[in-house]
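In what follows, a single structure is set out as structure tokens and then discussed.
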Amino acid sequence: MPWSAPFDDPVPLRNGRKLLTLQQAADYIMHLPEDAQHEAHWQTAIETLINAAEAGGGWLLFARIAMLRALNADGRRG
């Protein structure tokens, strides 16, 4: 599955923006401070994004859920 694959439902951010694709979600994480990227919830999100890009299927839903959980875990949401 390409990194341009869209989530079934966008991942909403607090600022009103939405992450529409695996690539946008990955880019969002890459723009976080490096110490934040190493937190467990972001590591889980990264792993599921990679799995979604490699295997597709249900991993796309898991990646969306992992992103929502990571955003909520540290209160970022945009």
Side-chain angles (χ1 to χ4, degrees):
M1 176 167 283
W3 283 93
S4 61
F7 292 111
D8 289 336
D9 292 307
V11 176
L13 301 175
R14 182 174 288 147
N15 65 6
R17 289 184 41 229
K18 295 178 182 178
L19 303 175
L20 304 175
T21 66
L22 294 173
Q23 185 64 59
Q24 288 178 348
D27 290 345
Y28 181 89
I29 295 171
M30 295 304 296
H31 285 94
L32 294 174
E34 191 170 338
D35 60 327
Q37 292 178 32
H38 293 287
E39 293 175 9
H41 50 274
W42 288 114
Q43 287 295 303
T44 299
I46 291 166
E47 290 173 22
T48 57
L49 288 170
I50 292 169
N51 286 334
E54 291 178 349
W59 282 106
L60 193 58
L61 176 61
F62 293 142
R64 182 179 185 278
I65 292 167
M67 284 299 297
L68 291 169
R69 291 185 73 180
L71 287 163
N72 287 325
D74 68 4
R76 287 186 189 275
R77 303 276 307 191

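Since this is a predicted model, take the numbers as computed values, not measurements.
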Drop me the distance from [X]'s [atom1] to [Y]'s [atom2], to the nearest 0.5 angstrom.
X	Y	atom1	atom2	value
Met30	Asp27	CE	CG	8.5 Å
Met67	Ile46	CE	CD1	9.0 Å
Leu19	Asp9	CG	CG	13.0 Å
Trp59	Glu47	CH2	CD	8.5 Å

Hphob cluster co-occupancy, Trp3 + Leu20, side-chain heavy atoms under 4.5 angstrom:
no
So [Y] and [X], do their side chains get closer than 4.5 Å, heavy atoms only?
X	Y	value
Leu68	Pro12	yes
Asn51	Phe62	no
Tyr28	Leu71	yes

Hydrophobic cluster (4.5 angstrom, side-chain heavy atoms) - remaining members for Leu61:
Ile65
Considering all heavy atoms, the nearest [X]-[Y] contact:
X	Y	answer
His38	Glu34	CD2-O, 2.8 Å
Leu49	Ala25	CD2-CB, 3.8 Å
Thr48	Ala45	OG1-O, 3.0 Å

Side chain of Arg64, backbone of Asp8: donor and acceptor closer than 3.5 Å?
no
Has the side chain of Gln43 got a donor or acceptor atom that lies under 3.5 Å from a matching backbone atom of Gln37?
yes
Could you list the residues that satisfy side-chain contact (heavy atoms from CB on, under 4.5 Å) with Ala5, not counting sequence neighbours?
Met1, Leu22
